[in-house]
Amino acid sequence: MSVEHLYLHVPFCAHRCGYCDFVTVTGQDDLRERYVEALVRELERADVRPRTVFIGGGTPSLLSDDLLRRLLGALPPAGEVTIECNPETITPDKARVLIEGGVTRVSVGAQSFQPHLLTTLERRCRPDHVVNAVSVLRSAGHSNLNLDLIFGVPGQTADDLEADLETALGLAPQHISYYELEAKPGTRFTHAHGAELVRQADAMEAYYERVVGTLRAAGFRWYETANFCRGDQMAEHNLGYWLGHDYLGLGVGAVSTVGLRRWRNRPSLARYLAAVEAGLEPPAEHEPLTAVDRGLERVMLGLRLDRPLELDAAAGLIDAGAAGRLERSGMLGRDEGSIWLTDRGRFVADDVVATLVR
Amino acid sequence: MAQSRIRNFSIIAHIDHGKSTLADRILQLTKTVSDRDMREQVLDSMDLERERGITIKAQAVRVLFRAADERIYELNLIDTPGHVDFTYEVSRSLAACEGALLVVDAAQGIEAQTLANAYLAIESNLEIVPVVNKIDLPSADPDAVAAEVADLVGGSAADVIRISAKTGEGVEAVLQAVVDHIPAPAGDPAAAARALIFDSAYDQYRGVLAFVRVVDGSFHPRERLAAMAQGTRFDVEELGFFSPGMRVAKHLSAGEVGYIVTGLKDVSQLRVGDTLTHAKGAATVPLPGYQDVKPMVFAGLFPTESDQYPELRDALEKLKLNDAALSYEPETSRALGFGFRCGFLGLLHMDVVRERLEREYELDLLVTAPNVAYRVQRADGEWIEVHNPAQMPESDILGTEEPYVRASIIAPKDYVGTVMELNQDRRGTFHNMEYLSEQRVQLIYDLPLAEIVLDYYDQLKSRTRGYASFDYELLGFREGKVVKVDVLLAGELVDSLSLITHSDNAYKQGKALVEALRERIPRQMFEVAIQAAIGSRVIARETVKAKRKDVTAKCYGGDISRKRKLLEKQKKGKKRMKQVGNVEVPQEAFLAVLEINREKA
């Protein structure tokens, strides 16, 4: 198969955080080895030569050093190999396993440096874990680090946000992903904190602007809605999604998109293992796509970036009248062959895109 | 059948007091519908004569009843429209009857609407047969309710029939009372034929169907008929009655109720309230129809989907067929597109029309704020009638007049104070007060019609816990200083939000309107100023702040489908909005004017 981007999902977590909606598994530690073997089998069968690999989770760094070595050893060679880590799981040995296994980029799930917010988020790590993890990773030779951070946590004051930004910048990462906390309806988290979030909505309104402003002032490039990098050290793997490239996802819950086919592996770990061990395709849910669907996605994803979207990619999907109105109201820029969002437009990109497309 | 054995009656009941259930039991008891075919609310749910392609609702159903004297009587049950508080329509049905069953819930007692309709029936000289229903309910208090009813219609509580339409108990006694107490029709079978059109319907294959009450003479198939007021002529294609399916008959004679298939294709050619007679040997004097009513309340009706405009036009044309009071003319709005300026008798009439358009014709409508008709004297001295804020001259107005009504409010004496307060608030002039009984008082006020079209009725009901009944008659135009209040969104005039109001109310209403709009217009990408202005003078302003963030934070390989679906949903939401300049206005915002609650202002 020819895809440029390969994603591997490692669902294991020590604890499921209340706000999380990824496919995760807690306990069942005995299944980790079988799972890694299943991923390796899938990798062999897929036989891909990707440019980028991303190992996400769950908590991939929760795997033992041996299992990580096994998994990384089975990876095809790639220019960028990213792995997600929880700070408290990083040891000097693990950092070495990663670098020896060909990992070029480590994404550290810091989320916040304020103990009370970490408690609200049900994170196990403490602020000094992050500082420690960054230094351990650097000592082992990791030179491309990302910090994952969250704003809009219930109880987060403007001072808390400033402090997080300051600490994050002090760690001098190459890349920062800064997400607004999404309290999805029906989650335990929303149940517990939803009312507080509504109450704080007005106060938190300016947080996103603050994040963007502070990071830019510190020399970061706001290259995607929630992603910032030094120079051009973008997350090449994720950039693939935003540029509408095909990608293959392996493991439970992983999504693949190839041409007009998209499928999502089912989340059941037991069924996944049984199928792969029996030499079968993992059970998956298939979603047929139309060319219009992919065109819409191209526009929607492409306009998240700080670069123009070639209109060829959006043939017939753009409402010219709406584009004119958006341009006049300062949300959109245009030239002959492309469109892009202004800074103002990027803050309300969902609305702009919904207005822009037919 | 001889007129002496015909009885024509309606059922007057408050919503949920059991009208449909009683009708069901009557059909069952008289074997008009077999037990096998019986289902709940059979008259409402029946698609009539499907095999003949006619799917209209029976407006009158004929049953045969063997009375205590062992004779068979023909009873015609004439449906009153579902909207029982709508006097005008009720009076139409009552005009075809000699009597009415007044059905009151044994647990709820008399309600305001019951009062108004009972008075209407009494004024129409109908014989009232009082019935207390739902005596099987544990909470029923038949004795107390019977006393209330007797107090209302006269007579003794003992004469009030107590029934349970649900179990069937007492229903036979009701029919016997119809035979005993409701007078037989008293037309002249030998005179020139006359029939009152009390309702009509349109069927795409058979054309216009007229529901008639024959008063004098008789009608037969193939006869050539004339509508006396309108002059329309047609041949009777078929006639008959509903029982409850369509039954073809050889004739409809004095005293009988039935339908006539006219074959007319143009709904406007036959009006409810008109009198049918023979084209040859015609009667000379028409029956007292209904007052030629003049619309006094106007509102714009716009389809939410602009491609529904032709359907809206057709639907209005059909409604107009059996609703002479409805008027309409094309109107164009910059914000709402093509629609119609419609004239109604009042707010209830407007609600009924709107509901019928939405329910029966499956149209999605936007209704602008209603206003009354105004008279304006232009600079050249000429008076013009203004039905629409857009028609209001911009300047050089010499004088303005607004319509006044004489309102009669009947309420328990404890509520007199609050009712008077409401009327004073609404620029009312006290005219008279009278004790109808020890408990109930009638108040007469002169009020500007504009003061009652918005929420007067709601206010009256809530202040009197629903016990007040209210009716009014038009007095004509009187002087009143009115102004036009415009609304600007981000500097753009929104024509469909303009309103005409008395200058005393302009500031209050303008303020309430911009506040209501601020609550209904969602935050947009940029700040939106909402202003109310009289001419170029801004009298109220609100701001919808720009939203500062509207973008999904995380979007990776596993999120794309969900994100695309959210985008499609957001897009769909936008399509339901109207674009005013750069501002997206949800349709409910256009209804804000309807909901300006002056009590809050």
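What's counted below: heavy atoms across the whole structure, side chains too, no hydrogens, waters or symmetry copies. So you know, we letter chains A, B, ... as the sequences are listed, proteins then strands, and number each from 1.
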On a heavy-atom basis, the closest approach of Lys547(B) and Arg344(A) is O-NH2, 3.2 Å
Is the side chain of Tyr208(A) donor-acceptor paired with the backbone N or O of Lys549(B) at a distance under 3.5 Å, no angle test?
-> no
Trp340(A) meets the side chain to side chain contact (heavy atoms under 4.5 Å, CB included) criterion, sequence neighbours left out, with Pro308(A), Asp335(A), Ser338(A)
Contact winner vs chain A - Asn582(B), Leu566(B), Asp559(B), heavy-atom pairs under 4.5 Å | Asn582(B)
Do Glu182(A) and Arg562(B) meet the salt-bridge criterion of a basic N to acidic O distance under 4.0 Å?
-> yes
Would you call the rings of Tyr556(B) and Trp242(A) parallel, tilted or perpendicular, where under 30° means parallel and over 60° means perpendicular?
-> tilted
Side chain, backbone, both or neither: which part of Tyr7(A) has a non-hydrogen atom closer than 4.5 Å to chain B?
-> neither
Of the non-hydrogen atoms in Met300(A) and Ile560(B), which two are nearest, and what is the gap between them?
-> CE-O, 3.8 Å
For chain B, which residues from residues 316-330 of chain A lie under 4.5 Å away (heavy-atom distances)?
-> Arg325(A), Leu326(A), Ser329(A)
Chi angles and distances behind the side-chain contact (heavy atoms from CB on, under 4.5 Å) call for Leu296(A), Lys571(B) | CA-CA 12 Å; Leu296(A) 267 183; Lys571(B) 181 81 206 163; over 6 Å; no
Answer with side chain, backbone, both or neither: which region of Val348(A) has an atom nearer than 4.5 Å to a non-hydrogen atom of chain B?
-> both
Part of Leu181(A) lying under 4.5 Å from any heavy atom of chain B = neither
Give, as side chain, backbone, both or neither, the part of Glu287(A) having an atom under 4.5 angstrom from any heavy atom of chain B.
-> side chain
Spell out the residues in residues 350-358 of chain A that have some non-hydrogen atom less than 4.5 Å away from a non-hydrogen atom of chain B, in order of number; otherwise answer 'none'.
-> Asp350(A), Asp351(A), Val352(A), Val353(A), Ala354(A), Thr355(A), Val357(A), Arg358(A)
Engaged part of Glu209(A) at the chain B interface, taking heavy atoms whose separation is under 4.5 Å = side chain
Could you tell me which portion of Thr225(A) (side chain, backbone, both or neither) has an atom closer than 4.5 angstrom to a non-hydrogen atom of chain B?
-> side chain
For chain A, which residues of residues 522-544 of chain B have at least one non-hydrogen atom nearer than 4.5 Å to it?
-> Arg523(B), Met525(B), Phe526(B)
